[in-house]
Amino acid sequence: MQQLTRSDIRAKTTKPNAAKLRLIGLPLRGEQATRFQQALRALDAAYSIVGAALYNRIQRPAVDVDEISALGASYGWISERRSLVQSFLDAEPAVLAYAGVDFDEPEHIRSLAETAAELASEHHSLISAIALLSYIDQELGWTAVTEVAGNA
């Protein structure tokens, strides 16, 4: 798997479409939506990296049935969350602004997502990356995964 640094992840995730977001009206809301969009892009990158690491781990021949079950559950959850994030990113700017309006700390989410991606790609700490993504779920008010893959 390709090693990504925090700056690589940030470069891929800080491409807001400011012109589209400004069309929604209030500049403050547009700025908040831009920051929320950046956080979602970082979260999408983290889900992608963790999903790829889970997939690679499942493909190993030494993985037992119980571990495959736990890894598969985590992979399903990651895939579901990535689809949710993609839906937000593909939505109209007003929907994105509305989704992020009550969330005061998008930079915090972006930083946590970048850390999760680093943990999965650089440090090969899949359990920590999954746990961090679960924490992000809680911060966003989404239902978090209840069981992290035990031996990942």
Side-chain angles (χ1 to χ4, degrees), residues 1-18 20-21 24 28-59 63 67-152:
M1 183 182 344
Q2 178 186 359
Q3 299 281 327
L4 294 175
T5 64
R6 184 176 287 261
S7 60
D8 293 335
I9 296 166
R10 184 164 283 143
K12 289 182 179 182
T13 61
T14 55
K15 300 175 187 171
N17 190 347
K20 279 179 79 176
L21 292 172
I24 61 175
L28 179 62
R29 181 174 267 192
E31 292 170 17
Q32 180 73 3
T34 299
R35 289 193 304 271
F36 187 63
Q37 184 181 44
Q38 290 171 346
L40 289 175
R41 286 186 193 276
L43 194 53
D44 182 56
Y47 284 139
S48 177
I49 291 166
V50 172
L54 281 167
Y55 180 81
N56 291 338
R57 182 69 185 254
I58 290 170
Q59 299 304 314
V63 178
E67 187 177 3
I68 287 176
S69 177
L71 291 169
S74 292
Y75 185 79
W77 168 72
I78 292 290
S79 297
E80 175 189 319
R81 288 302 188 244
R82 187 159 187 230
S83 293
L84 177 64
V85 168
Q86 280 296 317
S87 295
F88 275 120
L89 289 172
D90 293 342
E92 292 296 319
V95 174
L96 188 62
Y98 179 76
V101 76
D102 291 331
F103 190 73
D104 296 330
E105 300 181 37
E107 292 84 8
H108 178 69
I109 293 300
R110 188 185 77 224
S111 177
L112 290 172
E114 290 169 354
T115 301
E118 280 181 31
L119 287 169
S121 68
E122 291 179 19
H123 306 292
H124 306 290
S125 183
L126 195 51
I127 293 173
S128 297
I130 293 170
L132 191 51
L133 290 174
S134 180
Y135 173 76
I136 292 170
D137 261 12
Q138 292 174 350
E139 286 291 305
L140 289 171
W142 298 344
T143 303
V145 68
T146 55
E147 182 179 325
V148 173
N151 296 324

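Values below: all heavy atoms of this structure, side chains included; hydrogens, waters and symmetry mates excluded. The shown structure was predicted, so the numbers you read here are calculated from the model rather than taken from an experiment.
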Show me, pair by pair, the donor-acceptor contacts under 3.5 angstrom made by side chains of residues 47-55, not counting sequence neighbours?
unit_1: Tyr47; atom_1: OH; unit_2: Asp137; atom_2: OD1; d: 3.3

Roughly how far, to the nearest 0.5 Å, is [atom2] of [Y] from [atom1] of [X]?
X      : Y      : atom1 : atom2 : answer
Ile127 : Ser125 : CD1   : OG    : 7.0 Å
His108 : Ile136 : NE2   : CD1   : 8.0 Å
Leu43  : Phe88  : CG    : CZ    : 10.5 Å
Leu132 : Glu118 : CG    : CD    : 10.5 Å
Glu67  : Arg57  : CD    : CZ    : 4.5 Å

Closest non-hydrogen atom pair between [X] and [Y], with its separation:
X      : Y      : value
Ser134 : Trp77  : N-CH2, 3.6 Å
Ala113 : Ala46  : O-CB, 3.3 Å
Leu40  : Val85  : O-CG1, 3.3 Å
Ala42  : Arg110 : CB-CG, 3.5 Å

Please identify each residue that fulfils side-chain contact (heavy atoms from CB on, under 4.5 Å) with Ile58, with sequence neighbours left out.
-> Leu71, Tyr75

Mind checking side-chain contact (heavy atoms from CB on, under 4.5 Å) for Gln86 and listing every partner two or more places apart, or none if nothing turns up?
-> Asp44, Leu89, Asp90

